[in-house]
Amino acid sequence: MYDAIVIGSGMSDGWAAKELTEKGLKTLMIESGRNVKHIKDYPTTNMFPWEFAHRGTVPYSISKEYKIPSRNYVFDESTVHFLKKDAVQEYIQEKPYDWIRGNQVGGRSLLWARHTQRWSDFDFTGPLRDGFAVDWPMRYADIAPWYSHVEKFIGIAGNRDGLATLPDGEFLPPFEMTCLVEHLRDVVGRNYKDRNVIIARVAHLTKPQPIHIQQGRVKCQNRDLCARGCPFGGYFSSNSSTIPWAQKTGNLTLLAESLVHSIIYDEQTKKAKGVNVIDINTKKTTTYYARVIFVNASALNSNLILLSSISARFPNGLGNDSGLLGKYVGSHNYRGKVTAEYDGLKEFGTQGRRPTMSFMPRFRNIYTQETDFLRGYNTVIGSQRGHTDYGNDYGENLKANIDNKMPGKWKIFAQMMGETIPKITNKVSLDPIKKDKYGLPLLRVNVSYDENYEKMILDFFGQFTDMFTKAGFTNIESIDTKHNPGNENHEMGGVRMGKDPETSLLNQWNQLHHCKNVFVTDGACMTSTSSQNPSLTYMALTARAANYAVSELKNNNL
Amino acid sequence: MNRRVWIKQIAIVGGAILLIPACQDDRGAISLKLKFIRISDKEESLLSGVVETIIPETGTYGAKKLNLYHFLLKMMDDCYDDKQQEIYVKGLRQLNNYSREQAGNSFNKLTHSDKLTILRSIEKGKSIEDLKYFLAETRKWVIKGYNTSEYFMTKIIPYELVPSRFHVCVKIFSVS
Ligand SMILES: Cc1cc2nc3c(=O)[nH]c(=O)nc-3n(C[C@H](O)[C@H](O)[C@H](O)COP(=O)(O)OP(=O)(O)OC[C@H]3O[C@@H](n4cnc5c(N)ncnc54)[C@H](O)[C@@H]3O)c2cc1C
């Protein structure tokens, strides 16, 4: 019997484990993938480019086992071992959907791009104002202290920009913008009152504090090879930070290669009492018991576990009286990209590398509805002075270009990150018959784009073409990547929070309305998607819920 | 393992003469083991001729010294499916015909500058889709093999594994 069980060991899960174990709870963390120890299990981290047999490309015999993640930008010879093979967990795509999954201790916290934006009340009040989904059962003020709590521990490099749309946090020194983006910032500043170009806020240690040193992490060395796992602990991952921290308390038991099949509901106590766990290697099922359960298997897998947790009381999935479990699944709109070149700033270039980019917070529909689509988009802006163009020639000419030490043109790109509108028709459900090799029902995923989404892409193209034109950029190109939903890595919803048990699954503390000792604090809980990167908010919600759970346990309310 | 190479090795090592005729065709063995792609020693030397034309030795190392066609063949053998590999090899096999048509001789018999002329013309050629594919893939991987070689990344434009810095705006040269 444990005090707490945490399902999964990824980004939000690590936070649940850290908070619960620090407060003295004997906690069992259950992860379906293999164990990955910080540094020791980062096999590619110190490899030079030429040490990769295929210089980054994943051989076909391997990539054909990773058809889904192979469409993601992070997939290459240096990271493939941190992604889930298609066959490890099959799912049914009712519509094309790229479900990008980790399969190890640390989950996707090893792979992420580390962008960490706070949400503001413009995000939390979105559904209420614009009449979609349901109202969030909380506001910025409820979560702000928890943002601070998380930020101080993981370390965020950022600038205090003082913007209402993007609240400032607890920041380490920011990274800097390239002179090209400074130029864009000035042009944008002169032409638009409501638009700001800032440096992105990222979970990197630009100036480690004692709390980071205590975690064994040191300063970010600008390798920009993060997704291989960082030997310096320069960015935040569960492996380098929360999990070893929780282990140091002596209260954490980590069970890897163990797949949670379902949560067991006790009809007598009207609470969950434990979980059924399948050993990946022996396929034997064992039951583990605890007083509180945190479901953090990543958004869609948390949906799957709850849907699979059937009992006489909950024939349609745990806590699912409303029938909304698995519905209102959201993604982010990352399809639009605008690229350009710049002929100016010829005598300047950049030197070294940087694990981040610049950023334009959302400016559409902030105070009033002003476009023919709802909500808006943030934009990530990357720029560098490229190498001399290789051109199309062969032989001596080509080689002279490759060997040339002079830089070529400045290049810049803008990548949209749009909010989407969760809808009842965007959903996941269980296949009634088909099961995977471990006996878990196959998840059917039915998530697609809508008109709002398409209109937003066009607006993004238009706005950035204008801004880039004003900045004097050339060769401006709008690119629709046509990525499938899911490819942006930000799947959310299905177990949404809300005030009313009839229209939501979770209350303001991320407890199932109808089974109070089960907390869902990963992406599944999100009522709306905002346009900000979501994981900082998952972590803050998790820390908040975990501390609430601890106090409720103390008060014998669970 | 490449079956032909294997047989040749057996023949040399064990003197197993009996085994040879069964599998012998007019193709000689090539210098590295491939799992899927089957080309002859003559095709291998044609390929290495193309590779050396794309990245010749100049003041800096060229394809031959860096063994870039081995890298290229490894990429084609490991990273493509059988259909792509088939088109690739077909394209390679079209090169000598194309070269004879355009320049009156097989590719490797041309002078370096005629070889370059041939390569440059392929892009604009008609009804030679496989050859175009062959050349585009070859060019891509030969460049990659070159600019990510240890030689290039230590001697020509050094790569830093741990840069520890990002200077956002350094003066690199003055424009007149
Ligand atoms: C390339 C990439 C870039 C990204 N960039 C950003 C970014 O810049 N900013 C941002 O905010 N987010 C980013 N993300 C998203 C971010 O990684 C996720 O939001 C975050 O990791 C989610 O945390 P989680 O704990 O819910 O799930 P995960 O980190 O995915 O971990 C879930 C864990 O649960 C395990 N699990 C699943 N099912 C079971 C089961 N039944 N039993 C036991 N264990 C199970 C999984 O194996 C996994 O280890 C990015 C993701 C990727 C892949």
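Lettering of chains follows the sequences in order, A, B, ..., and the numbering in each one begins at 1. These numbers were taken from a predicted model, which means no experiment stands behind them.
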So for A:Val58, is it side chain, backbone, both, or neither that comes closer than 4.5 Å to the heavy atoms of chain B? backbone

Heavy-atom closest pair, residues A:Gly352 and B:Pro163: CA-CB, 4.1 Å

Select one option (side chain, backbone, both, neither) describing which atoms of A:Phe175 are under 4.5 Å from chain B's heavy atoms. neither

Taking the side chain as everything from C-beta on, heavy atoms only, tell me whether A:His387 gets closer than 4.5 Å to B:Asn147. no

At a heavy-atom separation under 4.5 Å, does B:Tyr61 approach chain A through its side chain, its backbone, both, or neither? backbone

Exam field: side chain A:Lys399 to backbone B:Pro56, donor-acceptor pair closer than 3.5 Å: yes

Give, as side chain, backbone, both or neither, the part of A:Ala400 having an atom under 4.5 angstrom from any heavy atom of chain B. neither

Under 4.5 Å, counting heavy-atom pairs only, tell me which of A:Arg223, A:Met47, A:Arg354, A:Met177 racks up the most with chain B. A:Arg354

Apply side-chain hydrogen bond (donor to acceptor under 3.5 Å, both in side chains) to the pair A:Glu396 and B:Thr58, showing each step before the final yes or no. CA-CA 7 Å; A:Glu396 287 75 5; B:Thr58 53; over 6 Å; no

Steps toward side-chain contact (heavy atoms from CB on, under 4.5 Å) verdict (B:Ile157, A:Ile402): CA-CA 9 Å; B:Ile157 299 185; A:Ile402 303 176; over 6 Å; no

Does B:Arg120 make a cation-pi contact with A:Tyr394, if we ask for NZ or CZ under 6.0 Å from the ring centre and within 45° of the axis? no

Go through the atoms of A:Ser63 and report whether side chain, backbone, both or neither lie under 4.5 Å from a heavy atom of chain B. neither

Find the one option among B:Arg139, B:Glu160, B:Lys144 whose heavy-atom pairs under 4.5 Å with chain A are most numerous. B:Arg139

Test item: side-chain donor near acceptor, A:Asp403 and B:Tyr146, under 3.5 Å: yes

Is there a side-chain contact between A:Phe48 and B:Met153 in this structure, where contact means two heavy atoms from C-beta onward sitting under 4.5 Å apart? no

What is the distance from atom CD of A:Glu176 to atom NE2 of B:His167, rounded to the nearest 0.5 Å? 9.5 Å

Side chain A:Arg353, main chain B:Arg165, donor-acceptor under 3.5 Å: no

In terms of heavy-atom proximity below 4.5 Å to chain B, should A:Asp393 be classed as side chain, backbone, both, or neither? both

Verify the neighbour count for atom NZ of A:Lys207: are there more than 12 heavy atoms of other residues, nucleotides or ligands below 6.0 Å? no

What part of A:Met406 gets within 4.5 angstrom of chain B, counting heavy atoms only: side chain, backbone, both, or neither? side chain

